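Everything below concerns the one structure shown next.
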2 protein chains.
Amino acid sequence: MLQAHARATQALDTQMRSEHHLSVSSYEVLMFLGDAPDRRMRMSEIADGVLLSRSGLTRLVDRLCQLGYVTRCAAETDGRGQYAELTDAGAEKLRAARRTHLRGVREVFLGRLSPTDQIALGEIWKRFLATDPAGGGC
Amino acid sequence: MLQAHARATQALDTQMRSEHHLSVSSYEVLMFLGDAPDRRMRMSEIADGVLLSRSGLTRLVDRLCQLGYVTRCAAETDGRGQYAELTDAGAEKLRAARRTHLRGVREVFLGRLSPTDQIALGEIWKRFLATDPAGGGC
DNA sequence: CACGAGTAGTTGCAGGTACAACTATAGCAG
DNA sequence: CTGCTATAGTTGTACCTGCAACTACTCGTG
């Protein structure tokens, strides 16, 4: 049962990689930045959202930087802080990737589950997350 | 929604590592072997079940070998083939790990979902898998 | 201002994984 | 038997990730 999910996410990951040369983690970072005000976020905020360690995020942002999808800038108010900011190229990439992702999700999940199941699943996960908002699973 | 699962499996993985020094992949291999006739399976059979590449499995089995939980032996009928076979120590480890795992699953999932949700979830996943028995996700 | 505790982020290192290339064997056609 | 193709598994390499250690900065206290 857990396998089902593993296969599904792996399929999405592979699709994302082959079509955009982007890992799902990278895509998530882009998504967060795209939704954030001013398209920028603190490093640690992203790390929490993306479910990646800080060191992992540092390196991931480095890669995205090299690709030109984000830029970094120091926080004005906090000398320790770093912002990651989505560039125009990154926003463009995000748009393209989002299309792929939504299509993938449709294919993998929605194409195989009845609408009632989809709704039920959404409700269940919602309740599941509600029991532990911090997500600190155990 | 996908995050929920990621967090949950990661929690299980961490628990398994800390209590038994075993990754979930290793545990899965042990499980498959434990359920197999004669406690042995072909390398590629395991790789398919565990959702790991062949090279990944080779190295994982190597590690389990070093730990003394499995042994390898060539297939009699096929000179290319290799069997992985669970040792007594491996079987013992599996029993201990299974207890941890079941407890972990209870804590993470069953403790947070109502019984009706649990049943519904089971049904939905069953139908999901039924749409693609090969599991070749996309 | 000086100092100690805490926080943000980066870097060294090790572990685990996939991909591609490789070896060895099987199975079939001639 | 020889040669060709396919299959099983292993190895070289590179990537990604986390942990622990580290640097740099902030904040509160004296």
Side-chain angles (χ1 to χ4, degrees), chain A residues 3 6-7 9-18 20-29 33 40-67 70-85 136-137, chain B residues 3 6-7 9-18 20-30 40-67 69-85 137:
Chain A
Q3 280 186 10
R7 286 187 202 271
T9 51
Q10 198 180 46
L12 288 180
D13 187 274
T14 303
Q15 183 189 40
M16 192 60 83
R17 277 179 201 281
S18 61
H20 294 289
H21 301 289
L22 232 52
S23 70
V24 164
S25 292
S26 307
Y27 172 62
E28 282 187 292
V29 170
L33 289 176
R40 50 155 61 181
M41 283 176 76
R42 289 291 289 261
M43 296 295 282
S44 47
E45 287 179 319
I46 308 176
D48 291 345
V50 171
L51 202 54
L52 209 61
S53 72
R54 291 176 182 218
S55 62
L57 183 72
T58 293
R59 275 138 179 163
L60 180 53
V61 170
D62 283 347
R63 289 195 292 277
L64 292 174
C65 245
Q66 278 197 317
L67 293 170
V70 307
T71 49
R72 323 177 69 144
C73 50
E76 297 83 0
T77 63
D78 188 339
R80 300 166 300 183
Q82 287 281 110
Y83 280 105
E85 182 171 343
Chain B
Q3 279 187 9
R7 286 186 202 269
T9 52
Q10 198 178 44
L12 289 178
D13 187 276
T14 303
Q15 183 188 40
M16 191 62 82
R17 276 179 202 279
S18 61
H20 294 288
H21 302 289
L22 233 52
S23 70
V24 165
S25 293
S26 308
Y27 171 64
E28 283 187 294
V29 169
L30 261 43
R40 51 155 62 181
M41 284 177 76
R42 289 290 288 262
M43 295 295 281
S44 48
E45 287 179 319
I46 308 177
D48 290 345
V50 172
L51 200 54
L52 209 61
S53 73
R54 285 163 194 259
S55 64
L57 184 70
T58 293
R59 276 143 178 160
L60 180 52
V61 169
D62 283 346
R63 289 195 293 276
L64 292 175
C65 245
Q66 279 197 316
L67 292 170
Y69 298 147
V70 307
T71 49
R72 326 179 66 146
C73 51
E76 298 83 0
T77 61
D78 187 339
R80 300 165 299 180
Q82 287 280 111
Y83 280 105
E85 183 170 343

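Numbered from 1 within each chain, the chains take letters A, B, ... in sequence-line order. The basis for the numbers below is simple: all heavy atoms, side chains too, and nothing from hydrogens, waters or symmetry mates. Every value quoted in this text rests on a predicted model; they were computed, and no experiment measured them.
When distances are taken from the side chain of B:S44 to each of D:dG9, C:dA26, D:dG18, the shortest belongs to D:dG9. Minimum atom distance to the side chain of A:T58 is reached by C:dG9, of the listed C:dA26, D:dG9, C:dG9. Side-chain proximity of A:S55 to C:dA18, C:dT25, D:dC19: nearest is D:dC19.
Phosphate proximity of C:dT10 to A:R72: present, with a side-chain N or O under 4.0 Å from OP1 or OP2. The side chain of B:R42 places an N or O atom within less than 4.0 Å of a non-bridging phosphate oxygen (OP1 or OP2) of D:dG9. B:R59 has no side-chain polar atom (N or O) that falls below the 4.0 Å cut-off from OP1 or OP2 of D:dT11. OP1 or OP2 of C:dC22 has not a single side-chain nitrogen or oxygen of B:R54 nearer than 4.0 Å.
Residue B:D78 contributes atom CG, which lies 10 Å from atom C1' of D:dG9 at whole-angstrom precision. Atom CD of A:Q66 and atom P of D:dC15 are 11 Å apart (whole Å). Taking atom CG of residue A:D13 and atom P of nucleotide C:dT17, one finds them 15 Å apart after rounding to whole Å. Look at CG on A:L51: it is 12 Å from C1' on D:dT17, rounded to the nearest Å. Taking atom CD of residue A:E76 and atom C1' of nucleotide D:dC25, one finds them 15 Å apart after rounding to whole Å. The distance from atom NE2 of B:H21 to atom P of C:dG16 is 13 Å, rounded to the nearest whole Å. Atom CG of B:L57 is separated from atom C1' of D:dT11 by 15 Å (rounded to the nearest Å). Distance, B:M43 CE to C:dT23 P: 20 Å, rounded to whole Å.
Distance alone, capped at 3.5 Å, places no donor-acceptor pair between the B:S26 side chain and the B:L22 backbone.
Among the protein residues, A:L60 comes within range of no part of the nucleic acid, since none of its heavy atoms lies under 4.0 Å from any strand. Among the atoms of the strands shown, none is found under 4.0 Å from any heavy atom of A:R17.
One side chain, B:S53 or B:S55, offers a donor N or O that lies under 3.5 Å from an acceptor on the other.
The nearest pair of heavy atoms linking B:R42 to B:G81 is NH2-CA, 3.3 Å. Heavy-atom minimum distance, B:R40 versus B:C73: NH2-SG, 3.7 Å. Nearest approach of B:M41 to B:I46, heavy atoms of both residues: CB-CG1, 3.7 Å.
The nearest heavy atom of DNA chain D to B:Y83 and to A:S23 marks one nucleotide each, and the one closer to the 5' end goes with B:Y83. For the pair B:T77 and A:R80, nearest-nucleotide mapping onto DNA chain C gives the more 5' position to A:R80.
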